[in-house]
Structure formats: C-alpha cells, structure tokens
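Every chain is numbered from 1, with letters handed out A, B, ... down the list of sequences.
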Number of protein chains: 2
Amino acid sequence: MTEIPKRQVTLDEVAERAGVSRSAASRVINNAPHVSKAKREAVRRAVLDLGYVPNATARALATQQVGAVVLAISSDNPQAFADPFFAEVVVGISAVLEETELELMLLLATSARGQTRLEQLLRTRQTDGVMLMSMHGDDPLAALADKAEVPVVFGGCPVTFEPRYYVDADNRGGARLATEHLVTLGRTRIATITGRMDEGAGTARYKGYQEALAVAGLDAGRVAHGDFSEAGGSRAMAELLAGHPDLDAVFVASDQMAIGALRVLKDAGRSVPDDVAIVGFNDVISARHTEPPLTTVRQPIQSLGREMARMLLGLIAGETPTPLILPTRLIKRSST
Amino acid sequence: MTEIPKRQVTLDEVAERAGVSRSAASRVINNAPHVSKAKREAVRRAVLDLGYVPNATARALATQQVGAVVLAISSDNPQAFADPFFAEVVVGISAVLEETELELMLLLATSARGQTRLEQLLRTRQTDGVMLMSMHGDDPLAALADKAEVPVVFGGCPVTFEPRYYVDADNRGGARLATEHLVTLGRTRIATITGRMDEGAGTARYKGYQEALAVAGLDAGRVAHGDFSEAGGSRAMAELLAGHPDLDAVFVASDQMAIGALRVLKDAGRSVPDDVAIVGFNDVISARHTEPPLTTVRQPIQSLGREMARMLLGLIAGETPTPLILPTRLIKRSST
DNA sequence: AAGAAAACTGGGAGCGCTTCCAGCGACCAT
DNA sequence: ATGGTCGCTGGAAGCGCTCCCAGTTTTCTT
C-alpha cells in the first residue's frame, strides 16, 4: 500500500525482507502455527511495507483449490439472464460469499460454447463448486451435474429428477395458496395459465393449482399453457377466453404472464377483479404498477441465492446438506 | 469424454500416451507450429481418449495471464445490483466474452471487504482486466482504477473526472430529446426530477434538461432532486407540486422515479398527460405497464455491456480505444 | 552431392505458492 | 547428566503448464 509496484511482489521478497525463510513467511500468511512471535511480527511488517498480496493463481495451483465458485445459468435462451430474478439471486449469493475467500464467476451457458464450458467445469475441478440453475427441460448437463465430482447445488428443482442438493421455493405450496385464495373469494370457475411445463417451477405451480381445486371439489379443467413470457400470457388468456368464456378467476404462474393476461382481459371488456380475479406469481416490481395492482405469490429470491451459496459452502466443507424449500406467501392487492 | 477420470488428466499423461514430449503436446494444444502432422494427430487422439482439459490455473501461472476479467460494481448500497439494469449489462458482456477464452467474475464491492478486494484487484494483476461501474460520487477507487496498471474500462462516466476509457449512454442527449419533446408538445412550465447528483447519469440528464429549455427560452427553475428510487420520485414530485403548482410537464430522470411521481400526481388529482405530461428515462419493463404507459428515453443497455467488453478486449490487446457514447432514443407512449 | 536453411524435437528451467520433512536447539522429567 | 518431547526452522519437492534453447532431422540450394 506504500507504493505501486510495477511487478508483483512475491513471497520470497517478503521473506527476504523479514529475514526468514519462505516457508516461515508462508506460515504467517496463512496463520499456521510453528512460527515464533518475533518472526511472525517481522513478516507482518514486511507484508505491509511491500504491499504484498498473495498470488491467487499460484496458491490455487499449490493447494489444488481454485478459490472460486461459479453460478451457471443453463438455458436455451440467451436472454434468460436478463430476467431481474437473477439479479436478485446474485445479490443473495454475493452477500454470503462476501464473508469468504471465494470469488464468484458467472457462466451464462446459453450457446453450444457455453454448454461445453459448463461441462468441462463439471468434469474437471476447475472450480471449487457450482450453483446451477437449469432453465430447460431435458438439460443433459443437469443430470451430469448431479453426479459430478465437483460440489453442485441446484437452484430450483428440474422436472426430470430430484437432485441431491438443491434449494427451491415452495412453488406448489405457493400455487395452492393462490388458488385457495381464489376459492375463498367464492370463485368457482377458476382457470390457470401455466408456465413452461419443462421447468420445475412450471409443473410444480400447476400441481399446486390442481391440488387446491381438488380439495375444494372444483373443476380443474380450465387450463392453458404459457411460457412465462408476457406474450405467452396474452396468448394463453385469449385461448382460455375462447375455450372457457365462463371463467371467473385465473391463477397465472408468473407475473409476467399475468401482465399479458391483464391486457387481453381488458381488451375483451372483462373487468378485473369484478368479472375475473387474477393472481400472479413472483411479485416482481412491476406487479405493483399494473392496473389494477396484482395479487401475487412472493418468493424470497435473495434468500434463494443466499441459501444456495450457504449450501454450497457446506458441501465444500464436506457436509451433506438436505434439500431446502423456501416458503412463499400471498401478497394481496387489488386484482382479486 | 470417454470416461470420468477421478484425478485430473495432465499434459504429461497426454504426451506419454501420444508418445511425444510434453513440449510437443503443449504445442499442439495451443496450436503452435513446429509439430509434425503425425505427432499432432497422435496428440489429438490422446486428448480425446483421455478427455484432457488443460488446467487453467497452471496455465495462468505459467503465462502470467489469468484468463478472467471482472465486472465490479462499486457502490455504497448492497442492493444496487438488484437493479434489472445490471442483469442486462451482464447479458451484453457475456455475449462478447463468449467468443473468448475469458471467464467473467462478478464483484459486488459494496462492503468494506468488497472494496478492499477491488482495490487489490486493481493493484495486483490478479485479473486480466476490469469493467467498473462506480455508483457513488466520490469513490476513491474510481480514481485509482483509472490509473491502475490493469486494463480498466468504466461503465458510465463518474461526475468527478473523465476516465481514459469508458462507455456511456448519451444521457445528456437523451434528456435533451425528452425535454424537447415536452417543448414540442407546447408545454411551457416544464419541471424536472433529477437523479442522484453524485452520479454521472444524474448530472448529465439534468444538464440535458437545462440545455433544451435554454434553447427554447423557457424557465429551467422548476427542479427537485431525487435519488433514482421510486420513493425518492414521490418525494420530489410532492416537493415540486408544492413549490411550483403551475407546472404542466416534468422530465423525470428515471422510470423508477417516474412511477413514484405518477402516483403522487394521481393522488393530487392531476391527470396525466392532460394536466401534466411525464417523461421518464431508461425504458424499464414496467414503464410499459404504468397507468398511463410511460413515455421514456431508452438506452441500449445490452449494448453498453457489449461495448464495455469489447473495449476491454481491445485494451487487453494493446489498443488504445476512445471513449464511446451510445445513442439514446425517445419512446413515445401515453404519458405525454 | 555438399552445405545451409528450415522444421522439428525434448530437456529443463521457471511461474509463486504450499507443505512435507529432517535438523535443531530448548526444556523437562528422570 | 541423559534421553525424550516439542516447537521452530528452512531446504526442497512439487502443483501443471509454457517456452526458451540446444540438438537433430529434413529439405532445399547451387
């Protein structure tokens, strides 16, 4: 910190300046035992004087630990990460990693190239661990990841199998909550717009909807499939209106789709919530600003990130964590 | 790819299997010249058979190149990254880095710890380059970064100085566009809600507003300062309403704030756009879903990321790029 | 066909760090 | 005194790769 050195200061220089061996210097850097107080202090001073910072690469090579974990988004859609959802996940992860010596690497595995990269990561310990969010159904990498020798925790549960380690939001429970709310309101012809059915969140929310209606003894036959996008929501709503004009409520599996649905409803002259009540999922920021403001299910996104990171840390430390399901809760606004 | 090796396959093993020296094997991996066709082929086969993947750490140590660049967000607000803005920047960056051997590291330098980390990065070539988005006014790291020996490109221009290398959106031009639009509409008592005045975007947009009004010969005295947040926008709007009840339009320096302002206006019984016209900035997704939908200035966020990455690549390659200002454009919707 | 140039080849010295190990005094109990 | 423990200490061997260099082979001139 005293001067800006042109060349990297090495441990040898520190050792020399402190008048000790490199081994000793290394020990005090990593505060390991077997160094006398005097030398320890001498090294400390040398470090400060020289502004020494250990070379992470060399250390990684020697210890066989990379000092970095990666957040990988495996998706067939290059724009997937643009979803504000991930920004929040990252905030959560980052908060946990902050207390650690670990760096965070970001891998948007959306192209063939990115997928290859991810595969290498999974096969060849080039990272200390990976947090994987797999965004399409039959992702071969997801299966690979679950048996990789590298620690892997999943964010969200894939449809095809249940990974050993994952954290997810209680999608099914949230959907049930939302649907029950609609039932409580006295609605009886409750439809749903599902998300992508090749994603865990899509199927789980659909399941929750079905369960709630089964319990209430109501017909769960009014369904249209969307893809989590606004446009998909519009399309599905139109389809629903055409097929089941009698509907008086709809549980929409994402706010994004709900926004699309809202527009279609408005154009069709159905008033919300009087003619049809709408509840969404996620509680994105814009959900507060729709007309009318959207009743929705909130999931703790930052916590999701935080818990993923924590679980990964545990895995790296040799623990055997159990999957974690985070609670969701209903946020009531004016669309119901 | 043939089998999952427990231990990392090394170059030596490849060399041995191919019956060549390690040097030769290295040459074919990095496809350098001076290897006979036969050996080259033998090595290729060995690589495939063994599923060899070079150890990035070892390579980094030998070449003195890390193989990774970092995107650093320096901010006093831990939640800063939760802004969907960054998610899009990352998509842009990632798209460029994809064609490269470089990894992307993410550093949310929001705590003291993170700041230290960033400083080390800047001082000690632990990365091949950094893209820095500095989100608060008197950030000492920003100044340091601009003279660091590590390649650094700024995303957005700080208020206090103009970095050597940066890419920014044309905030001033966009603000002028927005304000001129209001003028064209025949509004004459045009107010503004500014962003944080310790951020480049905040001052530049304010400047654009002033310029447009100066050209039109209109009074630019109706101003309230916000902080880019929704709550700040509400507060500022209330202040404006109290101090300048005659206003008939307001240029708001962010959509987020505009949303807050909209609510206050509604509560005050002023109709938008009839009584007062509003234009925002950024064109976030929710801008389309406000009541009424928001006229706003769109900046090409993904391009911002893309160009930052490209500029950094240039810098790393030894070029001397010039700062880049990305165009903004007006998106007309119903709030004006 | 002889000599020079060009292409190949593998040995070996690092890159900066960790960590094992053998050597040493100091210190205690016998 | 004597043998044994124990905390320090620095030498040295890697971690897996790149790259210089000196030596060997091939190819091309004239």
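Inter-axis angle, ends of the helix from C/dA2-D/dT29 to C/dT30-D/dA1, five pairs per end, rounded to 10 degrees: 40°.
Atom NZ of A/Lys37 and atom P of D/dT9 are 13 Å apart (whole Å). If you measure from atom CG of A/Asn55 to atom P of C/dC17, you get 6 Å, rounded to the nearest angstrom. Taking atom CG on B/Asp12 and atom P on C/dG12, their separation rounds to 14 Å, with Å as the unit. Atom P of nucleotide D/dG16 and atom CZ of A/Arg59 are separated by 18 Å, given to the nearest angstrom. Here D/dT9 presents its P atom at 9 Å from CZ of A/Arg40, a figure rounded to the nearest Å. Taking atom CG on B/Leu11 and atom C1' on D/dC17, their separation rounds to 7 Å, with Å as the unit.
With hydrogens and angles ignored, the 3.5 Å screen pairs a side-chain donor or acceptor of B/Glu13 with a backbone N or O of B/Thr10. Panel note: side chain A/Asp128, backbone A/Gly67; a donor-acceptor pair is recorded below 3.5 Å.
Side-chain atoms of A/Leu313 and A/Val69, non-hydrogen and from C-beta on, never get closer than 4.5 Å to each other. With a 4.5 Å cut-off on side-chain heavy atoms, A/Leu121 and A/Val150 do not count as touching.
The side chain of A/Lys39 places an N or O atom within less than 4.0 Å of a non-bridging phosphate oxygen (OP1 or OP2) of D/dG10. Within the structure, a side-chain polar atom (N or O) of B/Gln64 is placed less than 4.0 Å from OP1 or OP2 of C/dG16.
The residue from B/Ile29, B/Val28, B/Val53 that alone fulfils the side chain to side chain contact (heavy atoms under 4.5 Å, CB included) condition with B/Val47 is B/Ile29.
Under 4.0 Å is where a charged nitrogen must lie from a carboxylate oxygen, and between A/Glu103 and B/Arg117 at least one such pair does.
Listed nucleotides: C/dT9, C/dG10, C/dC17. Nearest to the side chain of B/Ser21: C/dG10. You'll find that the side chain of B/Ser36 is closest to C/dC8, out of C/dC15, C/dC8, C/dT18. Comparing D/dG16, C/dC17, D/dG10 by their closest approach to the side chain of A/Ala58 singles out C/dC17.
Checking B/Gln115 against B/Ser74 by side-chain atom types alone, a donor-acceptor pair falls below 3.5 Å.
Of all the heavy atoms in A/Arg164 and A/Ala148, the pair that sits closest is NH2-O, 4.0 Å.
Ring geometry for B/Phe161 versus B/Phe154: interplanar angle over 60°, hence perpendicular rather than tilted (30 to 60°).
Within residues 22-35 of chain A, the residues that have a heavy atom under 4.0 Å from DNA chain D are, in order of number, A/Ser23, A/Ala24, A/Arg27, A/His34, A/Val35.
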